[in-house]
Amino acid sequence: MKLYNTLTRTVEPVKPLRAPQVTVYTCGPTVYDYAHIGHWFNYVRMDTLIRALKLDGLEPKWVMNITDVGHLVSDADEGEDKLEKGARREGKTAWEVAEFYTQDFLKDMHLLNILEPDHIVKATDHIAEQIALIQKLESKGYTYVIDDGVYYDTSKFEGYAAFARLDLDDLQAGARVAFNEQKRNSSDFALWKFSPKDHKRDMEWDSPWGKGFPGWHIECSAMSMKYLGDTIDIHTGGIDHIPVHHTNEIAQSEAATGKRFANVWMHSNHVMVNGEKISKSLGNGIRLQEIVEQGISPEAVRLHVLESHYRSHAKFSLESLRASQASLKNIRNDFSWIYQPAVVPVSKSEERSRELVEQFASYKQLIKAAIINDLATPEAMRLLHECAGRFATTPASMDDAPIVDDFAAFIQDALGIHITDRDELKDELKQLIAEREQARANKDWAKSDELRDKLAADGIGVRDTPSGAIWYRL
RNA sequence: GGCGCCUUGGCGGAGUGGUUACGCAGAGGUCUGCAAAACCUCGUACACCGGUUCAAUUCCGGUAGGCGCCUCCA
């Protein structure tokens, strides 16, 4: 498995510390609002990474966090907690807001066929671990307390700017936000924030420094150490996290343990809509549910994500999503006939079977090679189309269906998309197909076309052959 | 202001110093009751200007346009 490592800015082999186990930590969502398509590109790509590691014979141990407290609206450390703000907006408690959007996130995650992480961990369930980590940093002299909280002194961590290749002097000179005057360095960040004097927070805990809540960055360090150890193999997240969140995670973690925090940092690039990145302020972040309401399936969304490389700036539009949906339909159509014996009058041939076995084995090999090479999913998709096309144009016996099953299972594991439908159709749909066949036999074309439209409305396409109709999912 | 990135055919999107992926859409043809199915054929794109080279979309320099980060962000 080769991956582009942000730490070294090169593509390099992944070398797990305790192979075959490979530990992966993914920065998950802040659950104060709905996830949008940009998030889903990110998580589908991370899921693809996990699948690729498995394909390569490794055993990923995957942890994803849910940020349900502490993520401030502004990093000036004077902003409001996003969860508390969301609560005010919706007239709920911060706890209710977090629960609602967490459930919504998990629901969409399943729709997109994203594998279940081994642990999905919430920041609010790990307050003690975060406090303990802050205490450790305190005992080593990395912290200081000011009016509104406990802060990390970034000047004490040598090489703070190295990961993101920041020029701290220039950052300061060009900064557009007002800094907290009490901070020793502009890049210092809060480890623990004190509850405000003027109102009561929904979420707050006692700590050695006073009542309050953890800063945003400390949760990832504390939870990844708890579940995956001091050093993890691969840490992933959005590309935007490089300069602040991940830089701070490294500073905290490595200061506390004295060890390397993550060996490989993998970052997913942003998705663009109309030439701009997706953001709340632009209001261009379409939700998965809204896409589905446009008649596009979650699997088409998934396939669309795979059609671009995770490090490129993908452009997003409903038009390109529809193209992916059509593409998925065509792939399924290419494989559909093997399961419908009534209309495939080809007798079994040992030679043909052997040929198919070899052909599919070869494509499996090629697709795997593409995926484990820094997740070259566009190449994998090219190969899948090529394979489907070859299969569609050379007859095979129904007896060879298990060969296709095997390939379909491989694609399901590797890419998370279904390319075959072995499931029986519902009786009423079968009935419609039969009725249409009858209408065609009677040359009742009007009725035949009407039935075809009806089937299409149920997501079923039909294809007429000399020996009958084959159906496939649209 | 500082740092960095991008520019590929109608759309999306790979890739490469010399045979110009792939998908969707589109065109023509075959077949078909029809085609919205299937099959066959078809696109010489790589911002612009120079340079290096036998050869550049691919390397170097510049120009234009766009974008990202330095604020919250996947």
Side-chain angles (χ1 to χ4, degrees), chain A residues 26-30 32-33 35-46 71-76 79-80 82 85 164-179 186-187 216 236-245 267-272 275-282 285 303-304 306-317 319-331 333-334 337 370 376-386 389 392-393 439-440 443-446 448-449 452-453 456 461-466 469-472 474:
Chain A
T26 291
C27 281
T30 299
Y32 67 105
D33 204 343
H36 61 237
I37 186 63
H39 297 107
W40 294 121
F41 265 71
N42 181 250
Y43 296 114
V44 166
R45 287 163 168 174
M46 297 321 167
H71 200 159
L72 301 186
V73 170
S74 156
D75 199 38
E80 196 173 1
K82 289 186 172 190
K85 187 181 178 185
R165 309 202 169 172
L166 301 171
D167 183 332
L168 294 178
D169 294 335
D170 284 334
L171 294 192
Q172 208 155 1
R176 282 174 280 164
V177 290
F179 288 105
S186 62
S187 53
W216 173 38
T236 80
I239 199 167
D240 50 284
H241 282 151
I242 296 171
V244 179
H245 185 52
H267 291 102
S268 165
N269 208 332
H270 283 309
V271 182
M272 314 293 283
E276 292 171 305
K277 74 169 188 168
I278 300 172
S279 72
K280 281 282 179 303
S281 55
L282 292 169
L303 184 137
H304 186 251
L306 298 174
E307 281 173 333
S308 66
H309 190 81
Y310 77 94
R311 283 194 279 125
S312 75
H313 255 70
K315 291 176 222 164
F316 174 82
S317 69
E319 187 191 356
S320 55
L321 217 42
R322 290 203 178 88
S324 299
Q325 171 127 306
S327 168
L328 179 60
K329 179 202 81 176
N330 289 339
I331 291 171
N333 187 6
D334 284 342
W337 55 270
T377 54
E379 170 69 3
M381 292 309 302
R382 199 212 99 214
L383 289 162
L384 177 57
H385 276 285
E386 187 180 293
T393 50
R440 291 187 77 233
K443 297 196 186 297
D444 185 350
W445 311 121
S448 154
D449 289 347
R452 183 168 55 199
D453 290 344
V462 285
R463 169 178 155 193
D464 297 316
T465 75
I470 297 172
W471 65 269
Y472 56 95
L474 291 171

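Letters A, B, ... are given to chains in the order of the sequence lines, protein chains preceding strands, and every chain is numbered from 1. Reckoned from all heavy atoms, side chains included, excluding hydrogens, waters and symmetry mates.
- Distance noted for atom P between B/rG61 and B/rC6: 13 Å (whole Å).
- No hydrogens or angles considered: a donor-acceptor pair under 3.5 Å links the side chains of A/H385 and A/S327.
- Atom name P, nucleotides B/rG23 and B/rG17: the rounded distance is 23 Å, in whole Å.
- The P atoms of B/rU19 and B/rA45 are separated by 13 Å, rounded to the nearest whole Å.
- Spacing of P atoms, B/rU57 relative to B/rG50, comes out at 13 Å, to the nearest Å.
- At a threshold of 4.0 angstrom between heavy atoms, the contacts of A/M46 with the nucleic acid are absent.
- Evaluation of atom-type donor-acceptor distances gives a pair under 3.5 Å for the side chain of A/D449 against the base of B/rG33.
- Interatomic distance, A/T377 OG1 to A/L384 CG, rounded to the nearest 0.5 Å: 12.0 Å.
- In this structure, CG of A/L383 is placed 13 Å from C1' of B/rG23, rounded to the nearest angstrom.
- Rounded to the nearest Å, the gap between the C1' atom of B/rC54 and that of B/rU63 is 29 Å.
- Electrostatic pairing of A/R382 and A/E379 counts as a salt bridge here, judged by a charged N lying under 4.0 Å from a carboxylate O.
- A gap of 41 Å separates the C1' atoms of B/rC59 and B/rG28, to the nearest Å.
- Partners of A/H241 by ring-ring contact (aromatic ring centres under 6.0 Å, His included), not counting sequence neighbours, listed by chain and number: A/W216, A/H245, A/H246.
- B/rG4 and B/rG62: their P atoms are spaced 13 Å apart (whole Å).
- Pairing analysis of RNA chain B (Watson-Crick: purine N1 to pyrimidine N3 plus N6-O4 or O6-N4; G-U wobble: N1-O2 and O6-N3; both under 3.5 Å) yields stems of 3 or more pairs at B:1-7 with B:64-70, B:10-12 with B:22-24, B:26-30 with B:38-42, B:47-51 with B:59-63.
- For A/A326, the side-chain atoms get nearest to B/rA25 when compared with the rest of B/rC34, B/rA38, B/rA25.
- Whole-Å rounding puts the A/R463 CZ to B/rC34 P distance at 19 Å.
- The shortest side-chain heavy-atom distance between A/Y310 and A/H267 does not fall under the 4.5 Å cut-off.
- Along RNA chain B, the nucleotide nearest to A/N330 and the one nearest to A/P243 differ in position, and the one closer to the 5' end is contacted by A/N330.
- Note: CH2 (A/W445) to P (B/rG33) measures 6 Å, nearest angstrom.
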field: Steps toward side chain to side chain contact (heavy atoms under 4.5 Å, CB included) verdict (A/M381, A/L303)
entry: CA-CA 8 Å; A/M381 292 309 302; A/L303 184 137; 3.6 Å; yes

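- Rounded to whole Å, atom P of B/rC34 lies 16 Å from atom CG of A/D444.
- Within the 4.0 angstrom heavy-atom criterion, only backbone atoms of the sugar-phosphate kind lie near A/H241; the bases stay farther away.
- Using a 4.0 Å heavy-atom criterion, one finds that A/N333 contacts the sugar-phosphate atoms exclusively.
- Separating the CG atom in A/L321 from the NE2 atom in A/H304 is a distance of 6.0 Å, to the nearest 0.5 Å.
- A/Q325 has its CD atom 18 Å from the P atom of B/rG23, to the nearest Å.
- One N or O on the side chain of A/N269 and one on the backbone of A/R311 form a donor-acceptor pair closer than 3.5 Å.
- Going from atom CG of A/L321 over to atom P of B/rG23 covers 18 Å, rounded to whole Å.
- Distance check on atom P: B/rC31 versus B/rA35 gives 12 Å, rounded to whole Å.
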Protein-nucleotides 11-13 of chain B N/O pairs closer than 3.5 Å?
residue: B/rG13; atom: OP1; partner: A/K315; partner atom: N; Å: 2.5
residue: B/rG13; atom: O2'; partner: A/E307; partner atom: O; Å: 3.4

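- Of the two residues contacting RNA chain B, namely A/D464 and A/T30, the nearest-nucleotide position lying further toward the 5' end is that of A/D464.
- Between the side chains of A/R45 and A/S268, at least one donor N or O sits under 3.5 Å from an acceptor N or O.
- Contact check for A/S320 versus A/K315: no side-chain heavy atoms found under the 4.5 Å cut-off.
- Within the nucleic acid shown, A/H270 comes within 4.0 Å of at least one base atom, counting heavy atoms only.
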- prompt: Run the side chain to side chain contact (heavy atoms under 4.5 Å, CB included) check on A/V271 and A/I37 step by step: do they pass?
  reply: CA-CA 8 Å; A/V271 182; A/I37 186 63; 5.6 Å; no

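- At a cut-off of 3.5 angstrom, counting only N and O atoms as typed in the model, there is a donor on one side and an acceptor on the other between the side-chain of A/S448 and the base of B/rG33.
- Among the protein residues, A/S268 comes within range of no part of the nucleic acid, since none of its heavy atoms lies under 4.0 Å from any strand.
- Using a 4.0 Å heavy-atom cutoff across all strands shown, A/G237 reaches sugar-phosphate atoms only and no base atom.
- Residues A/S324 and A/E307 bring a donor and an acceptor atom of their side chains to less than 3.5 Å of each other.
- Heavy atoms of A/R440 sit under 4.0 angstrom from at least one base atom.
- If you measure from atom CD1 of A/I239 to atom P of B/rC72, you get 16 Å, rounded to the nearest angstrom.
- Whole-Å rounding puts the A/L384 CG to B/rC22 P distance at 14 Å.
- When each of B/rC72, B/rA37, B/rC34 is scored by its nearest atom to the side-chain atoms of A/Y472, the top-ranked nucleotide is B/rA37.
- Scanning atom types as modelled, no donor and acceptor separated by under 3.5 angstrom connect the side chain of A/R452 and the base of B/rA37.
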